Amino acid sequence: MTALSADGHRLHVEVHGPDGAPAVVLAHGWTCSTAFWAAQVRDLSTDHRVVVYDQRGHGRTAPAARDGHSVRALADDLEAVLTAALAPGEKAVLAGHSMGGMTLMAAAGRPAFRAHAAAALLCSTGASRLTAESRVLPLRPGRPRTWLTGLVLGARLPLGPVTAASKALLKYATMGPGADPARVAECARIVHACPRAVRVAWSHVLAGLDVEAGVRGLDVPTAVLVGTADRLTPAVHARRLAAALPRCAGLDELPGVGHMTPIEAPEAVTARIRGLAAAHLGTPAPGPRDRDDHREEEAV
């Protein structure tokens, strides 16, 4: 399926699971793709209709023009996906990881969000001060660390092939010390596949991001989840979100887990999404599926 955003940009969208099942929409983060949600799609699509899409320039969505990277574009794109993938008035649980969570916050006041969101999950994300709060660099907080963090995260150097050294670096920056090596390798394959120009363009958007107003506008039950070893969006962000949300549905802090929670702790993330769906969409009816519930639709 293809969703057409407000500026005409085409977004790659996938729908998995049985027709008529409770709907879940998943928005991935910076440098990731629909593949990032593989564990959640496998589990949830047995009894949910799961919608995933590639953000601009990620996965199978083409890069945007130079002026096509903005907070507004994130919100426009989510609106387009919700309109294309869900029936009029159909409610869904929306979950966003990192930049995907920021997307939910940016779109909170949009008509399509209000029409379709039954509940939300903000996973390993923040609303502002991303470079200032980042702990990727082991330096004391302050202007020098903020400036250097911006340089590192916005570096134009290519990531190159996945190697032992690059996996070790990625693990340090984005995952907990006890992360499973196979999951580290999975993250590395996804992140290294992101085009350099796309990575840099979105890093500039994130460096100045402020969607605090969107947090206050998230007037659906919203859960917050973070790993205690998250260096990119440390738990201070999650706690701030939980305190500011009008209808906070709980804050989960996963001990020893880093930033890439849907891959590093898939069971915990999936369980939280399932819980929100059960509470706000109705518990899925049990029973065997009588057809192939994994599909990808292409617009005609």
Side-chain angles (χ1 to χ4, degrees), residues 1 3 11-17 24-45 48 50-63 74 77-78 81 85 92-105 120-126 130 153 159 162 166-167 169-171 173-176 179-196 198-199 201-203 205-206 224-227 229-233 254 257-274 294 296:
M1 174 183 289
L11 305 159
H12 173 77
V13 183
E14 299 173 13
V15 183
H16 305 265
V24 173
V25 179
L26 308 178
H28 71 75
W30 179 49
T31 73
C32 296
S33 67
T34 57
F36 191 78
W37 294 108
Q40 286 70 43
V41 170
R42 281 194 300 270
D43 185 301
L44 292 169
S45 64
H48 292 74
V50 184
V51 179
V52 288
Y53 71 102
D54 285 321
Q55 302 264 24
R56 296 183 176 214
H58 298 75
R60 284 185 271 181
T61 292
L74 292 174
D77 292 353
L78 178 59
V81 170
V93 169
L94 277 54
H97 170 262
S98 192
M99 190 173 80
M102 299 161 201
T103 300
L104 268 59
M105 292 180 260
L121 173 64
L122 300 177
C123 186
S124 309
T125 191
L130 299 179
L153 297 181
L159 295 181
V162 176
S166 67
K167 286 188 289 186
L169 183 60
L170 181 78
K171 179 182 176 183
T174 68
M175 305 182 81
D180 183 280
R183 291 175 177 174
V184 174
E186 183 180 0
C187 275
R189 287 192 296 271
I190 293 169
V191 170
H192 280 241
C194 180
R196 174 175 53 175
V198 172
R199 170 169 51 86
W202 282 115
S203 76
V205 174
L206 299 180
V224 184
L225 183 147
V226 68
D230 189 336
R231 290 187 171 93
L232 278 176
T233 53
L254 307 181
V257 175
H259 183 69
M260 301 300 209
T261 40
I263 287 181
E264 192 174 350
E267 297 85 0
V269 174
T270 302
R272 202 64 174 98
I273 296 171
R274 276 192 172 278
H294 179 105
E296 178 181 322

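All values reported here derive from a predicted model rather than from experimental measurement.
Between the T233 side chain and the S124 main chain, a donor and an acceptor come within less than 3.5 Å of each other. In this structure a side-chain-to-backbone donor-acceptor pair under 3.5 Å is present from E264 to G258. Of the possible donor and acceptor atoms, none in the side chain of S45 sits under 3.5 Å from a partner among the backbone N and O of G17. Side-chain atoms of R199 do not come within 3.5 Å of backbone N or O of V191 as any donor-acceptor pair.
Note that CG of L11 is 5.0 Å distant from OG1 of T61, once rounded to the nearest 0.5 Å. Note: Q55 CD to H12 NE2 = 13.0 Å, rounded to the nearest 0.5 Å. Note that CD1 of I190 is 6.0 Å distant from SG of C32, once rounded to the nearest 0.5 Å. From R272, atom CZ reaches atom CG of L254 across 10.5 Å, with rounding to the nearest 0.5 Å. The NE2 atom of H28 sits 6.0 Å away from atom OG of S33, with the distance rounded to the nearest 0.5 Å. A distance of 5.0 Å separates CG of L26 from CD1 of I273, quoted to the nearest 0.5 Å.
A tilted orientation is assigned to the rings of H58 and W202, their planes being inclined by 30° to 60°.
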As a quick check of understanding, evaluate side chain to side chain contact (heavy atoms under 4.5 Å, CB included) for C187 and L170, giving each step before the final call.
CA-CA 8 Å; C187 275; L170 181 78; 3.8 Å; yes

So W37 and I263, side chain to side chain contact (heavy atoms under 4.5 Å, CB included) or not? Walk me through it.
CA-CA 7 Å; W37 294 108; I263 287 181; over 6 Å; no

Side chain to side chain contact (heavy atoms under 4.5 Å, CB included) between L74 and M99, intermediate numbers included
CA-CA 9 Å; L74 292 174; M99 190 173 80; 4.1 Å; yes

Assess the residue pair V13 and V51 against the criterion (side chain to side chain contact (heavy atoms under 4.5 Å, CB included)); give the C-alpha distance rounded to whole Å, side-chain angles, the decisive distance to 0.1 Å, and a yes or no.
CA-CA 7 Å; V13 183; V51 179; 3.8 Å; yes

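Closest heavy-atom contact between V25 and A92: CG2-CB, 4.1 Å. Nearest heavy atoms, G29 versus S98: CA-CB, 4.2 Å. Contact record, P262 with A39: O-CB, 4.5 Å, taken as the closest heavy-atom pair. Here the closest non-hydrogen pair linking G57 and P195 is O-CD, 3.5 Å. Considering all non-hydrogen atoms of both residues, L122 and G101 come closest at CD2-O, 3.7 Å. Minimum interatomic distance between A120 and L104 (heavy atoms only, all atoms of both residues): CB-CD2, 4.1 Å.
By the 4.5 Å heavy-atom criterion applied to side chains, V269 and L225 are counted as neighbours. Between R274 and D43, the closest side-chain pair of non-hydrogen atoms falls below 4.5 Å. Annotation: side chain of V52 is in contact with side chain of V41 (closest heavy-atom distance under 4.5 Å). The shortest side-chain heavy-atom distance between D230 and T174 does not fall under the 4.5 Å cut-off.
The residues R60 and E14 are annotated as salt-bridged, a charged nitrogen and a carboxylate oxygen being separated by less than 4.0 angstrom.
Ring centers of H97 and F36: under 6.0 Å apart, within the cut-off.
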